[in-house]
Engineer: 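The structure's right below; bear with me while I get my questions together.
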Amino acid sequence: MMQNLLKALNSSLQILHPPTTPPPHSHSQTISTTHHLHHTDTSPCSKLSRRDLTISGPSLSLLLVAYANVDPFQFSKARADAIDAKDENLNTNGCTNKILTKRAFFDVSIDGEPAGRIVVGLYGADAPSGTTRFSNLVSGSAGISYRRKEFVKIMPNYIQHGGVRSYGVDAELAQRAGRDLMADSLIEEWEKDNERCTGTKNVAGSLGIVVRDPSKPPPKLKLVAREGKLEIDQEEVGSDPNGTEFVIAMKDSPELDSSTLVIGRVVDGMEVVEKINKVKTVQENTTSPYFRVAKLIGDKRAVVAERGFNRPYAKVVVTNCGLID
């Protein structure tokens, strides 16, 4: 049936737009170009008899109605099938239907005033290393915990907790408990998650651990004399995160995907996250010529100043935390 309709449509189009045949070539048609510019005859292309319109009009209307009734349905069905296949592929990869295996809580205060409790669910099956690290810090089984630790950065799209330190008292307590603060296993898990799932992973309400610093400069090469010979050595610039800092996304934050391993999401207390997000912070001053020059020459004062950007003026502290059975 479709073939007959297409044949009728082609014949109707030929009636509406008859092929034009070029005029025969002769020496008498040598005319100046200025004459063609001032006068162009288009009458053969625009002539159409009433008989042609009378014959082709009803058939064209019938063909258009039939095409509109059949083809859009087939196109919509094919498009829906493609979307369903894409969604099914995402679900089978475990990117959108991650299962919550544990729950944890944070009690937060702002300048000493209780702000409320945040309850998060953890993806123990999809991010086992990250979930284990986070659970040990929340429960205190790592020898240290997030208690009395502050949120250090407040951005329009997310808030960031400072975690625990890799040196000093925090490191000693972790060593006594037989724990290390290395993030190697977390980076491997982050790489596998990026290969398995595409698109934005730090969506609104997600919880993630900072496992790497994408802005960290590459190691510097330097010449070192060893046993009377000059050798090239690499000097690390800056330090990597220790896998204890965490972020909670207020909105979809694709900028966090290059540094953060998603390990869960907020299940209750998102209004507390919004309270934290409204706390006033230190404004960035990256446009200052003094800051630009200091950062260009590698002045440590520029690094210290940059760490202070977006830091809250008020003390936003985790007063208590733990796992929920």
Side-chain angles (χ1 to χ4, degrees), residues 80-108 116-142 145-146 157-161 163 179 181-212 241-274 276-277 318 320-325:
D81 292 341
I83 293 174
D84 292 340
K86 183 178 179 182
D87 293 342
E88 184 179 357
N89 187 27
L90 287 176
N91 290 333
T92 54
N93 289 339
C95 299
T96 58
N97 58 346
K98 295 181 179 179
I99 300 175
L100 301 177
T101 58
K102 294 182 181 180
R103 289 196 304 163
F105 73 91
F106 297 99
D107 291 332
V108 182
R117 170 171 288 191
I118 303 172
V119 180
V120 296
L122 305 178
Y123 304 137
D126 296 280
S129 298
T131 300
T132 301
R133 168 68 65 90
F134 188 81
S135 301
N136 292 336
L137 289 169
V138 167
S139 62
S141 61
S145 73
Y146 289 123
N157 289 350
Y158 63 91
I159 60 175
Q160 179 173 341
H161 190 273
R179 309 285 184 176
L181 298 178
M182 302 298 291
D184 295 340
S185 60
L186 301 180
I187 294 177
E188 293 177 1
E189 196 166 76
W190 168 81
E191 291 174 348
K192 291 179 181 178
D193 189 57
N194 282 343
E195 293 176 359
R196 183 169 55 99
C197 301
T198 58
T200 303
K201 287 166 279 296
N202 286 270
V203 296
S206 63
L207 169 71
I209 291 181
V210 181
V211 298
R212 62 187 295 270
N242 59 10
T244 64
E245 301 175 56
F246 67 87
V247 295
I248 300 176
M250 289 284 301
K251 306 174 184 177
D252 290 357
S253 307
E255 67 272 15
L256 294 176
D257 290 344
S258 61
S259 60
T260 305
L261 170 65
V262 176
I263 61 169
R265 60 181 173 85
V266 177
V267 296
D268 191 19
M270 199 63 190
E271 68 279 1
V272 181
V273 180
E274 294 175 358
I276 300 173
N277 190 254
V318 174
N320 192 21
C321 58
L323 295 174
I324 301 176
D325 297 332

Engineer: How long is the straight-line distance from CZ of Arg212 back to OG1 of Thr260, given to the nearest 0.5 Å?
Structural biologist: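 Taking OG1 in Thr260 and CZ in Arg212, the distance rounds to 10.0 Å.
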
Engineer: How many angstroms lie between CZ in Phe106 and CD1 in Ile276, if you round to the nearest 0.5 Å?
Structural biologist: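 That separation rounds to 10.0 Å.
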
Engineer: Is a side-chain N or O of Arg117 found less than 3.5 angstrom from the main chain of Gly269, in a donor-acceptor match?
Structural biologist: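 No, the answer is negative, given that no donor and acceptor are paired below the 3.5 Å cut-off.
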
Engineer: Taking the side chain as every heavy atom from C-beta outward, state whether Ile99 and Tyr123 have any atom pair closer than 4.5 Å.
Structural biologist: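 Counting from C-beta outward, Ile99 and Tyr123 never come under 4.5 Å.
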
Engineer: Kindly give the heavy-atom pair with the smallest separation between His161 and Glu245, and that separation in Å.
Structural biologist: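 Distance-wise, the nearest heavy atoms are O-CB, 3.4 Å.
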
Engineer: Is there any ring-ring contact (aromatic ring centres under 6.0 Å, His included) pair reaching into residues 187-207, and which pairs are they, with sequence neighbours excluded?
Structural biologist: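 Matches after skipping sequence neighbours: none remain.
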
Engineer: Go through Asn202 and Tyr158 one step at a time and tell me if the side chain to side chain contact (heavy atoms under 4.5 Å, CB included) criterion holds.
Structural biologist: CA-CA 10 Å; Asn202 286 270; Tyr158 63 91; over 6 Å; no

Engineer: List for me each residue that meets side chain to side chain donor-acceptor pair (under 3.5 Å) alongside Arg103, sequence neighbours excluded, and say none if there are none.
Structural biologist: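 With sequence neighbours excluded, Arg103 shows a side chain to side chain donor-acceptor pair (under 3.5 Å) to no residue whatsoever.
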
Engineer: Can you sort out the partners of Asn320 under side-chain contact (heavy atoms from CB on, under 4.5 Å), two or more places apart, ordered by chain and number?
Structural biologist: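 Partners of Asn320 by the side-chain contact (heavy atoms from CB on, under 4.5 Å) criterion, ordered by chain and then number, come out as Phe105, Asp107, Arg147.
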
Engineer: List for me each residue that meets side chain to side chain donor-acceptor pair (under 3.5 Å) alongside Asn157, sequence neighbours excluded, and say none if there are none.
Structural biologist: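 Asn157: side chain to side chain donor-acceptor pair (under 3.5 Å) contacts with Glu255.
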
Engineer: For Asn277, give me all partners under side chain to side chain donor-acceptor pair (under 3.5 Å), at least two apart in sequence or on another chain.
Structural biologist: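 Counting only residues at least two positions away or on another chain, Asn277 forms no side chain to side chain donor-acceptor pair (under 3.5 Å).
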
Engineer: I'd like to check the salt bridge (charged side-chain N to carboxylate O under 4.0 Å, His left out) partners of Asp193; sequence neighbours left out, ordered by chain and number.
Structural biologist: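 Lys98, Arg196.
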
Engineer: Which heavy atom of Ser206 sits nearest to which heavy atom of Val262, and what is that distance?
Structural biologist: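 In terms of heavy atoms, the two residues are closest at CB-CG1, 4.3 Å.
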
Engineer: Which atoms form the tightest heavy-atom contact between Ile209 and Leu186, and what is the distance?
Structural biologist: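 Heavy-atom minimum between the residues: CG2-CD1, 4.3 Å.
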
Engineer: Does Thr244 have any side chain to side chain donor-acceptor pair (under 3.5 Å) partners at least two apart in sequence or in another chain, and if so, which?
Structural biologist: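 Listed in chain order: Asn242.
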
Engineer: Of all heavy-atom pairs between Asp257 and Thr200, which one has the smallest distance, and what is that distance?
Structural biologist: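 It is OD2-CA, 3.4 Å.
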
Engineer: Taking the side chain as every heavy atom from C-beta outward, state whether Ile263 and Phe246 have any atom pair closer than 4.5 Å.
Structural biologist: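 Side chain of Ile263 against side chain of Phe246, heavy atoms only: no contact under 4.5 Å found.
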
Engineer: Taking all non-hydrogen atoms of both residues, which atom of Ala104 and which atom of Val138 are closest, and how far apart?
Structural biologist: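 Minimum heavy-atom contact is CB-CG1, 4.0 Å.
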
Engineer: Once side-chain contact (heavy atoms from CB on, under 4.5 Å) is applied, do any residues pair with Glu189, and if so which ones, sequence neighbours excluded?
Structural biologist: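 With neighbours one apart ignored, the set is Ala127, Pro128, Ser129, Leu261.
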
Engineer: Flag the pair Val203 / Arg265 as yes when at least one side-chain heavy-atom distance between them is below 4.5 Å, and no otherwise.
Structural biologist: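 No, side chains not in contact.
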
Engineer: Under 4.5 Å between any side-chain heavy atoms of Leu207 and Leu122, yes or no?
Structural biologist: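 Of all side-chain heavy-atom pairs linking Leu122 with Leu207, at least one is under 4.5 Å.
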
Engineer: Minimum heavy-atom separation for Lys201 to Cys197, with atom names?
Structural biologist: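 Between these two residues, the closest heavy atoms are NZ-O, 3.4 Å.
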
Engineer: side-chain contact (heavy atoms from CB on, under 4.5 Å) with Ser141: which residues, sequence neighbours excluded?
Structural biologist: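 With sequence neighbours excluded, Ser141 shows a side-chain contact (heavy atoms from CB on, under 4.5 Å) to Asn136, Ser139, Arg179, given in chain and number order.
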
